[in-house]
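Just so you know, these numbers use all the heavy atoms, side chains as well, and skip hydrogens, waters and symmetry mates. Letters go in sequence order (proteins before strands), and every chain restarts at 1.
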Amino acid sequence: MTVNWNCIPNSFFQREVTQVAPDLLGKLLVRHFDDGTIVKFRITETEAYRGGDDKACHANKGLTPRTRVMFEEGGLVYVYLIYGMYWMLNFVTGKAGDSSAVLIRGVEGISGPGRVGRALQLNKSFYGENLATSERIWVEDAGTKSKYITAPRVGIDYAGEPWISKPWRYIVT
DNA sequence: GGAATGATAAAG
DNA sequence: TTTATCATTCCG
């Protein structure tokens, strides 16, 4: 069964995270639920988390079992349970060893990254899911380009400057 | 402003 | 083992 014939190839994600993040805006996040229902969400807000120097990126605190997938090649899913109740949805970007990822911060009709995870009924089984081969979650090109603005990222005060001020948050206008 | 709520990581 | 820390959201 090829329900995801239109999914974006992994090569899309294997670029600079600061390019992938704005490119994801306006694209369709597709969720195939266990009961067969397919729902498509238009991505309206993303944030780039760059490996290497960026202290706001989880992977920068050190390679752990949880952040390991970010060191893999782009096109994988990184899900993270925050505050014990919300699953954050991230896409791993870059080549193997780059430890970069894009946080899906908002989709159309839903504001807030925690609510995105709840709407998608995410759980830890999505950790490491490959967007190109998954039959549960993937991304499609909507064929449209969206205008967007940039802004500083949210909720990363612990990272300190200059990372707090980096305009790596992308919002569809 | 502060609580809810659970996995993770670091310390003892 | 315990404790502090969260890429958040909702209620007052």
Side-chain angles (χ1 to χ4, degrees), chain A residues 12-27 29 31 39 41-94 97-131 134 136-139 146 148-173:
Chain A
F12 174 87
F13 297 96
Q14 290 164 9
R15 298 179 292 149
E16 273 291 313
V17 64
T18 47
Q19 286 181 33
V20 177
D23 273 2
L24 278 171
L25 296 175
K27 292 207 166 7
L29 175 61
R31 175 73 168 94
V39 183
F41 302 92
R42 195 168 71 98
I43 298 171
T44 57
E45 187 174 345
T46 63
E47 278 182 14
Y49 285 87
R50 189 116 104 95
D53 293 341
D54 185 4
K55 290 189 174 55
C57 180
H58 285 170
N60 189 263
K61 295 165 101 177
L63 178 57
T64 69
R66 200 182 74 226
T67 59
R68 187 177 51 212
V69 71
M70 278 199 279
F71 291 83
E72 303 288 329
E73 63 178 18
L76 303 182
V77 173
Y78 169 45
V79 289
Y80 173 70
L81 181 67
I82 190 63
Y83 299 121
M85 39 178 93
Y86 297 109
W87 286 98
M88 313 261 88
L89 176 63
N90 308 252
F91 297 146
V92 178
T93 69
D98 276 2
S99 67
S100 301
V102 176
L103 167 66
I104 305 304
R105 189 157 244 293
V107 297
E108 196 167 55
I110 300 174
S111 58
R115 309 201 48 178
V116 171
R118 192 169 68 184
L120 295 176
Q121 297 175 23
L122 296 178
N123 56 64
K124 63 181 172 187
S125 74
F126 285 85
Y127 183 89
E129 192 93 352
N130 191 321
L131 289 167
S134 172
R136 299 188 296 171
I137 185 170
W138 64 92
V139 178
S146 304
Y148 65 90
I149 59 173
T150 59
R153 290 172 293 179
V154 174
I156 56 161
D157 287 353
Y158 66 91
E161 295 288 358
W163 311 112
I164 295 175
S165 302
K166 293 283 185 187
W168 287 349
R169 182 180 179 203
Y170 307 89
I171 310 165
V172 171
T173 50

Taken to the nearest whole Å, CG/N123(A) to C1'/dG6(B) is 14 Å
Stacking between Y49(A) and dA7(C), defined as ring centres under 5.5 angstrom apart with planes under 30°, is that present or not? yes
To the nearest angstrom, the CG-P distance between L122(A) and dG6(B) comes to 17 Å
*Do R68(A) and Y127(A) meet the cation-pi criteria used here (NZ or CZ under 6.0 Å from the six-membered ring centre, within 45° of the axis)?*
no
**Prompt:** Within the structure shown, what part of the strands sits under 4.0 Å from G114(A) by heavy-atom distance: base, sugar-phosphate, or nothing?
**Reply:** sugar-phosphate
For dT8(C) and R118(A) - does any side-chain N or O of the residue sit under 4.0 Å from the phosphate oxygens OP1/OP2? no
* Does a side-chain N-to-carboxylate-O contact under 4.0 Å join D53(A) and K166(A)? -> no
Separation of dT8(B) atom C1' from Y83(A) atom OH, nearest Å, is 14 Å
Against the side chain of L81(A), the closest entry in dT8(C), dA7(B), dT5(B) is dA7(B)
Partner of dT5(B) under the Watson-Crick or G-U wobble criteria, both distances under 3.5 Å, comes out as none
Rounded to whole Å, the CG-P distance (N90(A) to dT8(C)) equals 11 Å
**Asked** Which class fits the ring pair H58(A) and Y80(A): parallel under 30°, tilted 30 to 60°, perpendicular over 60°?
**Response** perpendicular
R153(A) atom CZ is separated from dT8(C) atom P, nearest whole Å, by 12 Å
Check your understanding: Which part of the nucleic acid, if any, lies within reach of Y127(A) when heavy atoms closer than 4.0 Å are counted: base, sugar-phosphate only, or nothing?
Key -> nothing
Original post:
When we call it a touch if two heavy atoms are under 4.0 Å apart, what does M85(A) touch: a base, just sugar-phosphate, or nothing?
Top reply: base
The residue, G84(A) or S111(A), whose nearest nucleotide of DNA chain C is more 5′ is G84(A)
Under 4.0 Å between a side-chain N/O of R115(A) and OP1 or OP2 of dC10(C), yes or no?
yes
| query | Checking R31(A) against F41(A): charged group under 6.0 Å from the ring centre and within 45 degrees of the axis? | reply | no
To the nearest angstrom, the CG-C1' distance between D157(A) and dT8(C) comes to 14 Å
- request: Verify the contact: side-chain N or O of Y158(A) to OP1 or OP2 of dA7(C), cut-off strictly under 4.0 Å; return yes or no.
  value: yes
To the nearest angstrom, the CG-P distance between L89(A) and dT8(C) comes to 14 Å
M88(A) atom CE is separated from dT8(B) atom C1', nearest whole Å, by 16 Å
Original post:
Got L122(A) and V77(A) here, is their nearest side-chain heavy-atom distance under 4.5 Å?
Top reply: no
